[in-house]
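All remarks here apply to the structure that follows.
Every heavy atom of this structure was used, including side-chain atoms; hydrogens, water molecules and symmetry mates were not. Chain letters run A, B, ... following the sequence lines, proteins first and then strands; every chain starts at 1.
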Protein chains: 2
Amino acid sequence: MPGFTCGLDATLRVVAGKWKPLILYFLAQGGPTRYGELRRAVRDVSDKMLIQQLKELEADGLVKRTDYKEVPPRVDYSLTPLGRSLAQALVPLCNWGEANLVEVTRVFAQRAAEDQRRASRK
Amino acid sequence: MPGFTCGLDATLRVVAGKWKPLILYFLAQGGPTRYGELRRAVRDVSDKMLIQQLKELEADGLVKRTDYKEVPPRVDYSLTPLGRSLAQALVPLCNWGEANLVEVTRVFAQRAAEDQRRASRK
DNA sequence: CAGGATCCGCTGCGATACTG
DNA sequence: CAGTATCGCAGCGGATCCTG
């Protein structure tokens, strides 16, 4: 219970959540980012999910939230040093995805076709 | 629909699943691995989950399954070149986890404490 | 603008039992 | 040994509506 099976296991638990890696990675690209901008950047994310993941990231010490106490409201999010280091560890994954976009796309088209068949068979 | 928002997004979909990164990483460490050994290595995984994830990895062209058609059964799993390249992209995540084990452990102890309070409050 | 609150369906995942 | 089959459900995550 106090331990993880390995370093990768530990990391995976921290970034568990559908949107966390994407959030971290986007924040790493652009410095402090306002809520609205972040939401547009991470496509298809809902308010509920974005906020929830941001809170967890903040509680985990990866992201820093700054509330400027203005009206209209203005809040932005940035990475802590810890968050920044994690975001850098994500870079190779991003590169892998770009380098293998063709294969990945093909694989997913195929998987979608199977899902289609399964749905129509039922 | 044909596209991902970025390379990272594409990669994340491929490794979606609680155990896939761990499986890939373990296979990268040790060459062809028998089913039973893999199961012992990836701790706490059930047969159902391990098989399911392995099948998806195989369908995605990341893992190669070899059945020796013997009795008693003997099967082993290894990485394809594509799988190997992805596993390498996982290395920095593993290192990050090891380098920050202390923080991660603390964060999780804290999170567990909160869950405790929430459970007792109810 | 930056969230909070609620309702709810789906499915990922675990536990258990069985098989060639 | 290397799986398969079935059951059950928490909780992840989407949709919608509301607020300071």
Side-chain angles (χ1 to χ4, degrees), chain A residues 1 5 9 12-23 26-27 32-60 63-78 111-112 114-116 118-119 122, chain B residues 1 5 9 12-23 26-27 32-60 63-78 111-112 114-116 118-119 122:
Chain A
M1 209 152 297
T5 70
D9 182 29
L12 291 173
R13 301 215 204 182
V14 172
V15 295
K18 196 173 179 182
W19 308 99
K20 284 183 192 171
L22 258 13
I23 293 172
F26 185 83
L27 287 178
T33 307
R34 296 192 57 170
Y35 177 83
E37 192 182 350
L38 197 52
R39 196 185 156 194
R40 261 166 275 125
V42 183
R43 308 223 313 166
D44 300 335
V45 71
S46 66
D47 277 328
K48 176 189 169 186
M49 276 300 110
L50 183 53
I51 286 295
Q52 181 191 105
Q53 310 265 27
L54 282 170
K55 281 193 174 173
E56 291 183 18
L57 289 170
E58 194 191 354
D60 292 356
V63 159
K64 171 143 168 277
R65 190 187 109 112
T66 307
D67 187 340
Y68 293 92
K69 316 262 185 192
E70 299 175 352
V71 303
R74 176 162 158 245
V75 173
D76 67 29
Y77 294 86
S78 57
R111 198 181 277 180
E114 285 168 14
D115 291 354
Q116 202 72 16
R118 218 167 302 178
K122 187 206 161 184
Chain B
M1 216 142 300
T5 70
D9 182 29
L12 290 174
R13 300 215 205 184
V14 172
V15 295
K18 195 172 179 180
W19 308 98
K20 283 183 193 172
L22 258 13
I23 294 171
F26 186 83
L27 287 179
T33 306
R34 296 190 58 168
Y35 177 83
E37 192 182 349
L38 197 52
R39 196 185 155 194
R40 262 167 272 123
V42 183
R43 308 224 313 166
D44 300 335
V45 72
S46 67
D47 278 328
K48 177 190 168 186
M49 275 300 110
L50 182 53
I51 287 295
Q52 182 191 105
Q53 309 265 24
L54 281 170
K55 281 192 173 170
E56 292 183 18
L57 289 171
E58 194 191 354
D60 292 356
V63 159
K64 170 142 169 278
R65 191 187 107 114
T66 308
D67 187 339
Y68 293 91
K69 316 260 186 197
E70 300 176 352
V71 303
R74 177 162 157 244
V75 172
D76 66 28
Y77 293 87
S78 57
R111 198 181 276 180
E114 285 166 13
D115 292 354
Q116 202 72 16
R118 219 167 301 178
K122 184 201 164 187

Rounded to whole Å, CD of A/Q53 lies from P of C/dG3 at a distance of 15 Å

Picking from D/dT4, C/dG3, D/dA2, which would you name as closest to the side chain of A/Y35?
C/dG3

Looking at C/dG3, D/dG13, D/dG14, which one has an atom nearest to any side-chain atom of A/S46?
D/dG14

Take the protein atom CZ of B/R74 and the nucleotide atom P of D/dG3, then report the distance between them rounded to whole Å.
13 Å

Just how far, in rounded Å, is P of D/dG13 from CD1 of A/I51?
15 Å

Just so I know, are the side chains of A/D44 and A/W19 near enough to count as touching, which here means a heavy-atom distance under 4.5 Å?
yes

Using the closest heavy atom to pick a nucleotide of DNA chain C for each, name whichever of A/K48 or A/Y77 lands nearer the 5' end.
A/Y77

Quick one: label A/R39 by what it contacts on the DNA or RNA (base, sugar-phosphate, nothing), any heavy atom closer than 4.0 Å.
nothing

Any chance you could measure A/Q53, atom CD, to A/L38, atom CG, to the nearest 0.5 Å?
11.0 Å

Just checking B/K18: base, sugar-phosphate only, or nothing, at a heavy-atom cut-off of under 4.0 Å?
sugar-phosphate

How close or far is atom P of D/dA5 from atom CD of B/Q52, stated in whole angstroms?
13 Å

Do other residues, nucleotides or ligands put more than 12 heavy atoms under 6.0 Å from A/R111 CZ?
yes

Nucleotide C/dG20, atom C1' - distance to CG of B/D67 in whole Å:
12 Å

When you match A/P73 and A/M49 each to their closest nucleotide on DNA chain D, which lands nearer the 5' end?
A/M49

So what does A/Y68 hit on the nucleic acid, given a heavy-atom distance under 4.0 Å: a base, only sugar-phosphate, or nothing?
nothing

A/D44 atom CG is separated from D/dG13 atom P, nearest whole Å, by 14 Å

Rounding to an integer number of Å, can you tell me how far B/L54 CG sits from D/dC1 P?
17 Å

List the atom of B/K20, the atom of B/L57, and the distance in Å for their closest heavy-atom pair.
CD-CD2, 3.8 Å

